[in-house]
Protein chains: 4
Amino acid sequence: MSAGRGGGVRGTRLPRAVRERQMMDAAVHTFGRRGYRVASMEEIAGLAGVSKPLVYLYLNSKEELFTACVRREARALRASVRDSVDPRLPADRQLWAGLTAFFTHTAENPDGWAVLHRQARTHGEPFALEVAAMRDEMVARVASLIGAAAREAGTAGRTPELAARDMTGLAQALVGAAESLAGWRHEDGTVSARDAAATLMNFAWVGLGELLRGERWTAR
Amino acid sequence: MSAGRGGGVRGTRLPRAVRERQMMDAAVHTFGRRGYRVASMEEIAGLAGVSKPLVYLYLNSKEELFTACVRREARALRASVRDSVDPRLPADRQLWAGLTAFFTHTAENPDGWAVLHRQARTHGEPFALEVAAMRDEMVARVASLIGAAAREAGTAGRTPELAARDMTGLAQALVGAAESLAGWRHEDGTVSARDAAATLMNFAWVGLGELLRGERWTAR
Amino acid sequence: MSAGRGGGVRGTRLPRAVRERQMMDAAVHTFGRRGYRVASMEEIAGLAGVSKPLVYLYLNSKEELFTACVRREARALRASVRDSVDPRLPADRQLWAGLTAFFTHTAENPDGWAVLHRQARTHGEPFALEVAAMRDEMVARVASLIGAAAREAGTAGRTPELAARDMTGLAQALVGAAESLAGWRHEDGTVSARDAAATLMNFAWVGLGELLRGERWTAR
Amino acid sequence: MSAGRGGGVRGTRLPRAVRERQMMDAAVHTFGRRGYRVASMEEIAGLAGVSKPLVYLYLNSKEELFTACVRREARALRASVRDSVDPRLPADRQLWAGLTAFFTHTAENPDGWAVLHRQARTHGEPFALEVAAMRDEMVARVASLIGAAAREAGTAGRTPELAARDMTGLAQALVGAAESLAGWRHEDGTVSARDAAATLMNFAWVGLGELLRGERWTAR
DNA sequence: CATGAATGAGCTTTCATTCAT
DNA sequence: AATGAATGAAAGCTCATTCAT
């Protein structure tokens, strides 16, 4: 009943790590498109090319499987962004690099992004907390970039201070704007990651008021 | 060969319009907190103080009930924002008014906002389209405010023009930022609607760069 | 809220007998086409132009309503057949007249015939018995016609006797043949009541005639 | 957040083919006695000694289960009749054999016969068509036997011809008579299959014989 | 390593029936 | 004479989960 050729055929014996990856891929795909509740273990197992009990053997339960998906995708997104940012650059350059990486990664992993941004946040505490932590970390990172920019500008003493809370608010706004643009890109399809990042840098860094006066943010 | 017994005691025999409102309120509450799939009709009926069949009699099906919730909440949010904006004011003042109304309304109707922002967008085409239409309308409105601001600034000839697509991108960013701040307010609890609107006006209108130089957006 | 013109308008007050007739008509129509279980009281009440409670007030329950339908239609069919038969005629002429009336009546009252022949017999004892009684009566009537024919033929002594059971069997066959032809007519649509009756008389009576003369079919 | 517990005790872990048969048997029994709408999947599952979900796993839905029953019973009845008939025999002997087989089979499979004759025809298009096809086939077969008998009798030229429609009408009558006698046997209980077949052959064939010789019944 | 067989629990939906007016 | 308001009960179907092999 088993096939002699190996490779994707149902019943073929594969090392656990490989199987687990197949399952997670299938799960991210299915959860991302259908949603946590609508996706069934049957569907996921089928897409992974294994039987349901094997999924349970390796991943224990639907809840744990989904958690594993969320963690994996969160880790991957964080890594993409972190690896793209050189902390020795000025703050605005760091932000530019991070945003570009964010838009690139979400476009290349739409299902993973859907799991994080849409599904995990919608389906109750256990998952929402996981993803909230990641988002808070990003917000904090952006807030600290804003703080760094303030120091770079050397305006600390002369200008009304930006309280920590203000910076968090600004960072929240910036992250939300990025999420929104990621969705827009997804629908539109013709906007490159750099376009999106540029739009956001102009918006955030220069401000609409300046923009209208002809001011532009540039990478140099 | 006989069937249902019928005719219990629970109901206080109210006119249909009243009952329907109670049901919709219960549904928005439940859908907003538990999610479309997890919420059960039984739960909703119980919260509304009626039996399940009455919910079906008046609202037909879970899907229709949810659609009705989405429509009602979308209409309410739109009305709040629209009514707060005086179209004779300058663009930035209009935006300020709209944002304040948005933050106020979402804070006062957290369940309705959850239905629109989280649940409806997550649970498939029929609902997502409904809410996407409302959001697109808001984005278009913001984009046209940006266009109006450009004309007000009288910079049309001298400065690089903002293409329609650019304006849409900026508007998408601004709307996403607002959504994000609404969520932040919700968690934080100590940020007033005016604080949030001010943060966003500064962020968007003045730009981080200017902000750091001490520039501020003010209502005058 | 009530209309001033009377006649079919919901809410109009009509004498009980009239209302009851409307309800029965609607019920026969609905039961005949949709079946006892599928037909809902709501549907019947709607078709009759009244509210559900009124149906209950007059006819008590679905079961009683259906029983009333069965009785009414059985009575009508019996009456049609009985009234067409002149007991002073010879047996074959009586049968001919009865069959013609049967085919005419069932074609003119397809819903009633469906209630009797299809629905009542299919949906459990209480109704099936009712209709079985009517059918048995018809079978008995046909059997007695066969007996009469035997006496008319004056063959009682000379030929192998037709036992009562044989006559019942023959009558059962004849009645079944008539039911089958009624259905065939209904589908075909181009066969007149007289055609059907003639087909059956040829089939049955020519055969019976020989039978009565002592003819028998044998396996050799 | 966890759901079903699963994995009970009832099942004796049988191969699918066996279980499927048990379910079909239970379904035919239940549908035949209680009717399509009244029979519940729970009842059928219980009678088959399994849980409801297993019935759905194997047979998909109530409708498909019923269709499968109708098909199986139709196939079985057709096979019984077909296998009993030797096409090299004269027409009357073929009819005799077929009728005997029909009466035997329906008596041995009363539930299957009820499903075909009573339930399937009563419960809407999808099923009625299935069974109508089988019945039409039987009618056509009988009609062609009548045609063969006419040729055997060599009366083609001398006597008024029997048009195709006439033969269909006669076949309809004969099949209806057989159905009726099958029901009669079922109630009476003391009539053997051969008795019933003999009654019908006498009734039909002696009549047909005369018919083929040019005899006709007339209203005068 | 991997699967076929099996089920408890729960959900949406429908319907006959009744009460208060 | 007639109806709007309301519900208990049950049915079809799905799903996460487990046991035996």
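Below, read A as the first sequence line, B as the second, and so on, with proteins coming before strands; counting in each chain starts at 1.
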Earlier contact from the 5' end, DNA chain F, for D/P53 and B/A17: B/A17
Quiz item: B/R13 side-chain donor-acceptor pair to E/dC19 base, under 3.5 Å: yes
Integer-rounded Å distance: F/dA11 P and D/K62 NZ: 9 Å
Closest-nucleotide ordering on DNA chain E, the 5'-leading residue of D/L54 and C/S61: D/L54
Heavy-atom pair with the smallest gap, counting every atom of A/E64 and A/S61: N-OG, 3.1 Å
Length of the line joining A/E64:CD and F/dT17:C1', which is rounded to integer Å: 13 Å
Pair B/E73-B/D111, side chain to side chain contact (heavy atoms under 4.5 Å, CB included): steps then yes or no: CA-CA 9 Å; B/E73 296 306 315; B/D111 295 332; over 6 Å; no
Residue D/R16 excluded, over 12 heavy atoms near CZ under 6.0 Å: yes
Rounded distance in Å - CG (A/L59) to C1' (E/dA2): 15 Å
All stems with DNA chain E, defined as three or more consecutive Watson-Crick or G-U pairs under 3.5 Å: E:2-21 with F:2-21
Atom-pair distance (CZ on D/R37; P on F/dA10), nearest Å: 17 Å
A/Y36 OH to F/dC15 P, straight-line distance once rounded to whole Å: 14 Å
Donor-acceptor pair (no angle test) under 3.5 Å: B/K52 side chain, E/dT13 base: yes
Given DNA chain E, 5'-ward residue of the pair A/P15 and C/E42, judged by closest heavy atom: A/P15
Gap between atoms CD and P, on D/E63 and F/dA11 respectively (whole Å): 18 Å
Rounded distance in Å - OH (A/Y58) to C1' (E/dA2): 8 Å
Over 12 non-hydrogen atoms of neighbours within 6.0 angstrom of CD in D/E42: no
C/Y56 side-chain proximity, nearest of E/dT18, E/dC15, E/dG8: E/dT18
Side chain of B/L57 - closest among F/dT3, F/dA6, F/dA16: F/dA6
Touch class at under 4.0 angstrom, heavy-atom based, for C/R16 against every strand present: nothing
Test log, rule side chain to side chain contact (heavy atoms under 4.5 Å, CB included), inputs D/I44 and D/H29: CA-CA 9 Å; D/I44 293 169; D/H29 183 87; over 6 Å; no
Cation over ring face, B/K62 and B/F31, 6.0 Å, 45°: no
Euclidean distance, atom CE of residue A/M41 to atom P of E/dT3 [Å, nearest integer]: 14 Å
Shortest non-hydrogen separation from A/L65 to A/V55 and the atoms involved: CD2-CG1, 4.3 Å
